[in-house]
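Presented below is the structure to which this report refers.
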Amino acid sequence: MNGEIEEIRGTFKPELIPAATGGNIDDYEKALHTLMKFVGSMSSALEQVSGRGANAIVYQAGKRMGHEASKLMEKTDDLEKAMGELSEVLGQEFYFEMWKPSSQDNYTVERGDETEVKLLFMDCVVRQTLRRTGLPQKGPLCYLLYGYMVGAVEEVMDIRGKLDIDHVGPNACLKTLTIKWSGK
Amino acid sequence: MVEIVIDEDACVGCGSCVEDCPNDVYEMDEAKNKTKVVKVEDCMACLSCHEICPAQAMEHQDIHVAKRLYIDRSVKDAINRII
Ligand code: SF4
Ligand code: SF4
């Protein structure tokens with residue numbers, strides 16, 4: 001065995017909810033980075049095998065997660081309230097805010113029976129994973145967040161939504177969320 | 001409110017930031033052949049311009065700095081020791 005690996009030994013009794021994690025920040029970091037590498041490599045393999053179909057698979061996976069994560073959220077028709085609830089669902093790891101260019105008065109833009117809102121994702125574990133594995137943004141993994149957001153919106157607002165990527169950057173990504181009111 | 005500081009001594013006038021910024025925050029100052037900030041209010045701090053600038057000539061102040069948990073601290077420490 002590698003001498004640098006520290007083994008944890010102790011007594012263990014059956015427990016319902018473990019009181020301690022049995023690891024420190026270094027262990028968390030290693031686990032996170034290993035997972036990032038696994039996920040990154042899975043994503044590029046998926047793309048290699050299924051081409052653009054990879055996006056659809058990851059999108060569906062994200063959508064399912066989004067529905068699951070927001071099941072217990074209060075249903076609302078109010079877009080701004082929904083955004084507040086969604087930021088709770090997505091948490092610190094997908095920290096976003098509504099964004100608008102200075103020439104626009106409101107965050108929301110109405111187009112027929114659709115409402116658009118621009119969302120600026122400042123923190124994103126997908127982006128971090130891509131950077132860890134040297135993969136470009138806008139690939140299949142970005143569809144995970146795309147699906148997650150759409151699934152969560154559909155669950156909270158009981159309505160059809162879609163998310164388009166406007167711009168990706170190393171520190172923030174801009175997306176447009178479109179809500180279709182007639183899709184209720 | 002975000003502020004962008006351009007290091008004019010470093011800027012090589014390539015115009016990459018002008019082309020790359022999705023919100024037209026920069027314009028070329030033709031007389032000086034340097035970039036200039038013309039619409040800071042539309043900067044969303046995506047930092048794409050940092051990635052493209054060959055001279056690392058810009059600094060964004062008072063922005064949300066995204067978490068960088070992908071950085072391997074042991075590698076970073078090793079590099080810091082060498083540098
Ligand atoms: S951070 Fe993004 S929006 Fe701001 S100036 Fe750079 S490229 Fe443009
Ligand atoms: S990308 Fe950098 S070097 Fe090129 S014009 Fe912009 S600030 Fe100057």
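These numbers come from the heavy atoms of this one structure, side chains and all, not from hydrogens, waters or symmetry mates. Residue numbers begin at 1 in each chain, while the letters A, B, ... track the order of the sequences. Since this is a predicted model, take the numbers as computed values, not measurements.
- With hydrogens and angles disregarded, a donor-acceptor distance shorter than 3.5 Å links the side chain of A/Gln128 to the backbone of B/Leu69.
- Contact annotation for B/Ile71: only backbone heavy atoms (N, CA, C, O) come within less than 4.5 Å of a heavy atom of chain A.
- Contact annotation for A/Tyr95: only side-chain heavy atoms (C-beta onward) come within less than 4.5 Å of a heavy atom of chain B.
- A/Val125 is not listed as a side-chain neighbour of B/Lys67, based on a closest heavy-atom distance of 4.5 Å or more.
- In terms of modelled atom types and a separation under 3.5 Å, the side chain of B/Glu51 and the main chain of A/Gly169 share no donor-acceptor contact.
- Interface residue B/Asp20: only backbone heavy atoms are found under 4.5 Å from chain A.
- Using a 4.5 Å cut-off between heavy atoms, A/Asp166 makes no contact with chain B at all.
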Check your understanding: What's the verdict on side-chain contact (heavy atoms from CB on, under 4.5 Å) for B/His50 and A/Asn171, showing C-alpha distance, side-chain angles and the deciding distance?
Key -> CA-CA 10 Å; B/His50 284 224; A/Asn171 198 57; over 6 Å; no
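- Both the backbone and the side chain of B/Asp42 come within less than 4.5 Å of a heavy atom of chain A.
- Residues B/Lys76 and A/Glu29 are not paired through a salt bridge, judged by the lack of any N-O separation under 4.0 Å between the basic side chain and the carboxylate.
- Between A/His167 and B/Ser48, the shortest heavy-atom contact is NE2-OG, 2.7 Å.
- A 4.5 Å side-chain heavy-atom check between A/Cys173 and B/Cys46 finds every atom pair outside the cut-off.
- Heavy-atom distances place the backbone of B/Arg68, and not its side chain, under 4.5 Å from chain A.
- The parts of A/Ile25 that come within reach of chain B are both its backbone and its side chain, each placing non-hydrogen atoms under 4.5 angstrom from that chain.
- Between the side chains of A/Asp123 and B/His64, at least one donor N or O lies within less than 3.5 Å of an accepting N or O.
- Here the shortest heavy-atom pairing between A/Met122 and B/Ala66 reads O-CB, 3.2 Å.
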